[in-house]
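Letters A, B, ... are given to chains in the order of the sequence lines, protein chains preceding strands, and every chain is numbered from 1.
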Number of protein chains: 2
Amino acid sequence: MTNAGGRKGGRARVERAERGIPEATVARLPVYLRALTALSDRDVTTASSEDLAVSAGVNSAKLRKDLSYLGTYGTRGVGYDVDYLRYQIAREIGLTQDWSVVIVGIGNLGHALANYSGFASRGFRVTALLDSDEARVGESVGDLHISSLDDLDEIVRSGSVSIGVIATPAAAAQIVCDRLVAAGVSSILNFAPALLSVPDHVDIRKVDLSIELQILAFHEQRKTGALTGIKAGTG
Amino acid sequence: MTNAGGRKGGRARVERAERGIPEATVARLPVYLRALTALSDRDVTTASSEDLAVSAGVNSAKLRKDLSYLGTYGTRGVGYDVDYLRYQIAREIGLTQDWSVVIVGIGNLGHALANYSGFASRGFRVTALLDSDEARVGESVGDLHISSLDDLDEIVRSGSVSIGVIATPAAAAQIVCDRLVAAGVSSILNFAPALLSVPDHVDIRKVDLSIELQILAFHEQRKTGALTGIKAGTG
DNA sequence: ACGATTTTGTTCTCGCGTTCACAAACTCTT
DNA sequence: AAGAGTTTGTGAACGCGAGAACAAAATCGT
Ligand SMILES: NC(=O)c1ccc[n+]([C@@H]2O[C@H](COP(=O)([O-])OP(=O)(O)OC[C@H]3O[C@@H](n4cnc5c(N)ncnc54)[C@H](O)[C@@H]3O)[C@@H](O)[C@H]2O)c1
Ligand SMILES: NC(=O)c1ccc[n+]([C@@H]2O[C@H](COP(=O)([O-])OP(=O)(O)OC[C@H]3O[C@@H](n4cnc5c(N)ncnc54)[C@H](O)[C@@H]3O)[C@@H](O)[C@H]2O)c1
């Protein structure tokens with residue numbers, strides 16, 4: 001009776017794809033990479049999964065399982081060679097090549113991103129800054145100068161740009177996104193607080209600072225037992 | 001034989017806590033809030049779970065289940081009253097009160113955050129900007145001027161600050177974090193690419209743009225079939 | 001008044017991710 | 001060379017979250 005509906009039929013036997021790395025693992029690989037770099041900088045040549053796990057802030061079993069998806073790079077009884085593992089993870093992520101990035105919307109946030117040196121050091125090369133505000137076009141930020149959005153197609157094509165960063169107001173985000181996609185960009189990082197729709201072949205990730213603060217506020221409210229709900233009082 | 005080890009004993013019967021909202025749900029509440037605000041701005045007074053789900057970019061069953069953790073705010077056969085639901089979610093998150101925020105590290109990113117109007121409109125009030133660089137102290141950014149880190153304790157105490165944002169270089173992040181905690185801040189948003197350790201009663205969230213780009217790069221590499229691994233060639 | 005229609009709230013099932021636990025594989029000591 | 005010690009890689013159990021499905025509850029039409 002509980003199961004009156006149609007049955008689901010046979011279980012879809014999913015052959016473990018040759019290279020099917022779980023999404024949760026992918027998100028941790030950069031963390032491991034950072035931990036390995038830190039160890040390498042301290043001239044540590046070998047590290048156990050426990051050492052690495054501490055550096056990365058995760059459980060050691062999880063770390064070992066994550067690494068096992070990439071291959072068998074450790075030595076039982078010894079641990080992992082720091083530089084070797086670092087290279088393997090970098091290769092897996094795709095950091096053995098440089099990636100060209102365009103930033104669209106060079107306002108407060110766009111300026112900060114354009115000036116950030118931490119991208120280049122991780123293999124991301126900001127090749128163009130775009131803005132629709134004609135007053136801003138031509139202005140220079142760091143090594144680059146701001147180009148018009150109309151040059152997008154040419155820039156993407158000639159610069160092999162595959163990653164686009166959206167730092168425009170929310171109202172413009174979808175339009176900018178569409179233009180990026182049309183120009184051939186297939187990965188997008190969105191800072192605007194807006195829901196963007198993209199074709200299947202395009203990957204999109206969002207960073208929303210307001211949401212982060214709201215999540216903190218939720219827990220903060222629980223901690224302080226502020227169940228009265230009304231307090232505040234900044235006139 | 002497979003199960004030779006010690007058994008785990010009785011199952012921990014977890015009474016569904018009166019207010020045990022799953023973390024995944026908490027993370028989506030701000031998204032629903034934004035969707036509701038957008039609908040309200042368009043003078044929509046009532047919305048079904050399907051309408052809302054589309055606006056928020058989630059599955060409608062998931063949305064209904066999420067909302068059911070908060071209470072019974074819908075009407076069967078009708079849907080949800082937009083403004084009423086919006087208030088209930090805001091109250092649940094804790095946005096019926098203002099939250100004071102301090103930003104530490106007023107460099108590229110800190111400036112952008114300080115100038116961002118989107119925080120205030122969501123109930124977050126930046127009450128102080130702190131930097132260790134004496135040359136910067138006194139400089140004004142928007143309405144505020146930059147204070148010395150030494151004033152942290154006084155600022156936190158007198159301003160009821162509960163949320164701290166770290167936008168310093170990674171090397172300074174842990175020290176700054178410790179000082180925030182010592183001053184009484186119990187929620188921290190960290191932009192520095194560093195692993196921070198905090199006491200149990202402190203919540204910490206991180207935003208790491210490099211990690212986001214690396215995740216995009218991983219998928220991008222798969223898409224372009226760039227399995228050769230060696231290419232790049234920026235001299 | 002009552003059946004048809006709509007839509008919520010909730011139950012159930014499935015799959016993913018986390019963690020424990022341990023055999024296999026390696027090094028080190030004697 | 002053999003045993004003791006160490007650490008990886010992985011099988012298995014478990015818990016959480018996603019989504020399908022449906023009964024309950026409301027409105028609408030006649
Ligand atoms: N500044 C922050 O710290 C911060 C924090 C969180 C979220 N955000 C979000 O990031 C985005 C940018 O924020 P900001 O503070 O830099 O805003 P901003 O107003 O300072 O900058 C926006 C820039 O985008 C440009 N622009 C507008 N429409 C455009 C279009 N169609 N094509 C190209 N460029 C266009 C504008 O000319 C401007 O230079 C916003 O969506 C904001 O909500 C910013
Ligand atoms: N700028 C970006 O777009 C961006 C992107 C991703 C990550 N980040 C990260 O955000 C952080 C800040 O980046 P940024 O570009 O603004 O750097 P920045 O160098 O421009 O600014 C850092 C600021 O922190 C201050 N500072 C240093 N030590 C301090 C201390 N102990 N106490 C208080 N203040 C201190 C400095 O005086 C400076 O004003 C870095 O960790 C960076 O990796 C920045």
Checklist outcome for this item: Atom CG of A/Asp51 and atom C1' of D/dT6 are separated, to the nearest Å, by 12 Å
Checklist entry - When we call it a touch if two heavy atoms are under 4.0 Å apart, what does B/Thr25 touch: a base, just sugar-phosphate, or nothing? => result nothing
Item to check | Distance below 4.0 Å between B/Lys62 side-chain N/O and D/dG19 OP1 or OP2 | outcome: yes
Item to check | Phosphate OP1/OP2 of D/dA26 contacted by B/Tyr80 side-chain N/O (<4.0 Å) | outcome: no
Item to check | Any donor-acceptor N/O pair under 3.5 Å between D/dT8 base and A/Arg76 side chain | outcome: yes
Checklist entry - Just how far, in rounded Å, is C1' of C/dG9 from CG of B/Leu85? => result 14 Å
Checklist entry - Just how far, in rounded Å, is P of C/dT8 from CG of B/Leu70? => result 15 Å
Checklist entry - Atom CG of B/Asp81 to atom P of C/dT8: distance rounded to whole Å? => result 13 Å
Checklist entry - Whole Å only: how far is the CG atom of B/Asp66 from the P atom of D/dG17? => result 10 Å
Item to check | Between A/Phe119 and A/Tyr116, ring centroids under 6.0 Å | outcome: yes
Item to check | Phosphate OP1/OP2 of C/dC20 contacted by A/Arg64 side-chain N/O (<4.0 Å) | outcome: no
Checklist entry - Of the nucleotides C/dA21, C/dT18, D/dT8, which has the atom closest to the A/Arg28 side chain? => result C/dT18
Checklist entry - What distance do A/Asp98 atom CG and A/Ser160 atom OG have between them, rounded to the nearest 0.5 Å? => result 11.5 Å
Checklist outcome for this item: Rounded to whole Å, the CG-P distance (B/Leu67 to C/dT8) equals 9 Å
Checklist entry - When you measure from the side chain of B/Thr75, which nucleotide among D/dA26, D/dT8, C/dG9 comes out closest? => result D/dA26
Checklist outcome for this item: Separation of C/dC16 atom C1' from A/Glu23 atom CD, nearest Å, is 12 Å
Next on the checklist: Using the ring centroid of each side chain, check whether A/Tyr80 and A/Tyr73 are separated by less than 6.0 Å.
Outcome noted: no
Item to check | Which nucleotide in C/dG17, D/dG9, D/dG17 has an atom nearest any side-chain atom of A/Thr72 | outcome: D/dG9
Checklist entry - What about A/Lys65, does its side chain sit under 3.5 Å from the base of C/dT19 through a donor-acceptor pair? => result yes
Next on the checklist: Can you confirm whether the side chains of B/Thr46 and B/Asp81 place a donor and an acceptor under 3.5 Å from each other?
Outcome noted: no
Next on the checklist: From OH of A/Tyr69 over to P of C/dC16, roughly how many Å is that when rounded to an integer?
Outcome noted: 10 Å
Next on the checklist: Among C/dC26, C/dT8, C/dT19, which nucleotide has an atom closest to any side-chain atom of A/Asn59?
Outcome noted: C/dT19
Checklist entry - Closer to the 5' end of DNA chain D via nearest nucleotide, is it A/Ser68 or A/Val78? => result A/Val78
Checklist entry - Of all the choices, C/dT10, C/dT18, D/dG9, which nucleotide is nearest to the side chain of A/Ala24 once you look at every atom? => result C/dT18
Next on the checklist: Hydrogens and angles aside, do A/Ser40 and A/Asp83 bring a side-chain donor and acceptor to less than 3.5 Å of each other?
Outcome noted: yes
